[in-house]
Novice: 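Here it is: the structure, laid out below.
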Amino acid sequence: MRKVKNDKTEKKFMPEIPRKEMDELRNSVKAASEKVIAENIERMKTADPNRSEAMKYFDEIANLFGQRQKEIEAEKEKGKKVIGYMCLFAPTELILAADAIPVRVNSGWYDTSKLGDRVVPVEVCPVIRSTIGAKMIELSPFLEQSDALISVLTCDGMTKLSEILSDTKTVWGMNVPRIKDSEHSLRFWNDEIRLMKTQIEGLTGNKINRKNLKEAIEITQRATKAFRRLQDLRKGPPVIMGRDAMLVNQAYSWDDKKRWTEKTETLCDELEKRVQSKKWACPPDTPRVMLTGTPMFWPDNWKLPTLVEEGNPKGIIVADELCSGERILNDPVGVDEWSMDDMLNAIGDRHLMASTCPCFTSKDGNEDRINWLVNKVKEVDVQGVIYYVVRGCMLYAMEYTKIKKALDKINIPVYYLDTEYTREDVGQMKTRVEAFLEMLTARVDF
Amino acid sequence: MITVGMDLGTQRVKVVTLKDNVVLSREQAFSGFDPTKAVEQALEEALKKVNLKTSDVAYFVATGSAMDMAPHANSTVSMMGADAKAGFYLFPKARTIIDVGAEEARAIKCDGRGIMVDFIVNERCAAGAGTFIEAMARALEVKLDEIGPLSLKAERASPINASCVIFGESDVVSLIHRQESKPEIARAVFDAMADRISSMIHRLGVNPEVILVGGVARDVGFIASLNRKLGVDVLIPEYPEFAGALGAALTAASRAKEGQK
C-alpha cells in the first residue's frame, strides 16, 4: 500500500478554476442532473403498471442531492468520518467497523466528463474523466463529504485517477494482485487489508476490534441476504423491471446499510405477493436480457437500461454482471471462527477471490467471469446478453471475444455495444438495441 | 396482396411495392430535410407506376435510421432484420449479408430460415461507409462515380488510415503530396474501407456465400477491393440499394398474413 501524499499547496494535475466559474458550472450541471434524476424516475414509474409501493423509498434515495446528503452532513457534524471508494474491492466492512460511513464516489455524470477533458485526453475512459470533472467543480456530494478515498489500483484509469484526486483529497491506494488464484497473491492482498485497517483506525480514531468488526460483517451479511433475495425474484416471470432492481442494487453504495436492508426486504415481501397474484411488471414473454461490461453509474448513465426496457420491441433486464449492479453484494463474507485474523482474511477473500473484474488473469484467464455469466444465463433464463463497453475501457473491450465464444457455445446471442458518456448517440444505440431485441423475439417465435 | 416497404436512410429514401412476394416497383428520392415528404413522394411515384393507390396497400413496414418518421407505417423493422429478410429472399443459400450505406456499414448473419442470428455495426465513425468515398473523391477532385473505375487502373495500393474520415482525408492529402498517382490513391481508399468491413465480417465468422447490398454495392472499386480482401466474390443483387426496402416489404407481407390468421 502506498499513501499518496496529500499536499494541497501544489496541484500536480488539477487546474485552478476561479471560484465563481466553479460555482456557475456546478449549479448548471447540478440543475441538469436533478432534471435527469426526476425524468429517469418518472420513466421507471410508467414502465411498470403494477410498480411496487416499496420503490417509493428508492425513488427518494436516488436523489443524490437530497435526503442522504443531508443525513451524512449531520453525521459528519457529530464527528463521524466519511470514507469514499471507487472500487468494490474496498473493504467497506472495516469502514463500518470503525463507525465511519462508506460511500462509492464514481461519477455517472455525462457533463462532467467534458470537464475532465481539461486534465486527461478524451481517449481515457469516461468514468475516470467524469469523476475528475465532478471533483473539479465539487459536484458530487459524497465525493466532497469524503474525508479520505480508497482507490483500488485495478485498471490503468483507476491507478492514475488516484494520483489526480490526491491533488485535493487524501487517497489511499490499495495494490491489488493481478493473478488472484495463488497463495502468495492472497497473502499479499490480506496484508493490504490489514494496512487499510490501520489507515482507517488512524483517520477515525476508532480501534477496529473483534466486536465491532463482527457487527459490521453481520450488517453486510444481512444486506447480502436481502440482495440475493431480490435477485432470486428476478429469476421467474418479471415482477420488477430491470431498472428498478438496478437502482435498488446501486443505492446500496450510498445509502445507510441497515436501512437499505430493511427497505429491500420490504420490497421483496411485496414482490413475493406479486408473484402470487401474477401482477407482472411486463408481459412474461418479453425478451430477457442480461447486461455485462463497464459499470453503469446513476444518474446519467442510465441510457442503455432505458433503451432496452422502452424499445420497440421491449426487453427486460433480468440480470447483470456489473460492478455497479449485481456484483455489489453478490458474495457474503464467509467467516468460520470470528477471530480477528479469520475475519480479516474472510474480508480479503470476499473482495478478491469472488471478483469477476477483467483486471484479473490466471492460467485459465479470467475464467471466473465466464463461469459467473454462463451460470447466470442458465439460472435466470437469459435470452440475450448485451456486452456494454465505454470507449477507453480496455479490459472489458479486450475480454469480449472470449466471452462471446463462451456464450456462443451455449447458444446465447451477445451484442457488443460501445458508447461514450454522451446523450447524443442515443439514436444510433436505439437502432442497435432494437435490432438485437427484434432478433431475440424472432428466435422465440420459431 | 399488396405490401410496401419504406427505407428511410440517412441520404436517400427507398420504396418497394410487392404483390404476393414479387416486386412490382421501386422508387427512391433524396431524404433531404424532410424525410417524411421524401417518402410520400417516392411512394406516390412507386404506386403510380403500377396503377395503384395508397388504399390498395394491405400493410406498410418502415425501416432505416428515420423509420419513426415514416408515413402510413403499420409497424417497423430494424435495418438488420430487413437486410436478413431481403438477403435470404434474393440468395436463399447465403448466410452473411453486408450492407454498406451512406453512413453505416452492417454485417448480418442469418440462419437457414432467413432469421437474423447475429449482427455487427461499424463503429461510430463513417469511415467504413459511403460518405467516406464521397469525401475522398472530393480530395482527389474526381466525380463520385469516377473514383471506382479509376481505382481499377492501379497496379498497387498505398496504405491509408480508415479509422476516421478526417484522418483518412489527411492521409490522402499526404499521398497527394508524395505525388502518388490518382488511381493508386483511389485504390487505397477502397482497400482501407474493405479492410474495416472484412474485419467486421471476420468477427462474425465468414461464410462462403456473402451478399453485398446498400448503395455502395454499386461501386466497382469497392467491390474489387472487398473481393480481394475476403478471397471470395461477393454476390450483388440487381438493385442493391433497395435491399432494406425490399426486406421491409417482405416483413409487411408476413405480418399482414399473421394478422389475417
Novice: What are the two closest non-hydrogen atoms of A:A435 and B:M116, and how far apart are they?
Specialist: O-CE, 3.4 Å
Novice: Heavy atoms only: give me the nearest B:I115-A:A442 pair and the separation to one decimal.
Specialist: CG2-CB, 3.9 Å
Novice: Counting only non-hydrogen atoms closer than 4.5 Å, does B:D68 touch chain A with its backbone (N, CA, C, O), its side chain (CB onward), both, or neither?
Specialist: side chain
Novice: Is the count of non-hydrogen atoms from other residues, nucleotides or ligands lying under 6.0 Å from B:K37 atom NZ greater than 12?
Specialist: no
Novice: Could you tell me which portion of A:F436 (side chain, backbone, both or neither) has an atom closer than 4.5 angstrom to a non-hydrogen atom of chain B?
Specialist: both
Novice: Would you tell me whether A:E434 and B:S78 have side-chain atoms, one donor and one acceptor, within less than 3.5 Å of each other?
Specialist: no
Novice: Is B:M79 in contact with chain A via its backbone, its side chain, both, or neither, using a 4.5 Å heavy-atom distance?
Specialist: side chain
Novice: Chain B heavy atoms under 4.5 Å from A:D408: which part of the residue, side chain, backbone, both or neither?
Specialist: neither
Novice: State, yes or no, whether a side-chain contact exists between A:T401 and B:R203 at a heavy-atom distance under 4.5 Å.
Specialist: no
Novice: Take B:D118 and A:K404 through the test side-chain contact (heavy atoms from CB on, under 4.5 Å) and record every step on the way to the result.
Specialist: CA-CA 11 Å; B:D118 204 354; A:K404 171 148 172 75; 2.7 Å; yes
Novice: Just so I know, are the side chains of B:I108 and A:M439 near enough to count as touching, which here means a heavy-atom distance under 4.5 Å?
Specialist: no
Novice: How long is the gap from OH on A:Y415 to CD1 on B:I120, to the nearest 0.5 Å?
Specialist: 7.0 Å
Novice: Grab the two heavy atoms, one from A:R432 and one from B:V121, that are nearest each other, plus how far apart they are.
Specialist: NH2-CG1, 3.3 Å
Novice: Shortest non-hydrogen contact from B:T76 to A:N312?
Specialist: OG1-ND2, 3.2 Å
Novice: Counting heavy atoms not belonging to A:D117, are there more than 12 under 6.0 Å from its CG?
Specialist: yes
Novice: Heavy-atom count check: over 12 atoms from other residues, nucleotides or ligands less than 6.0 Å from A:K405 NZ?
Specialist: no
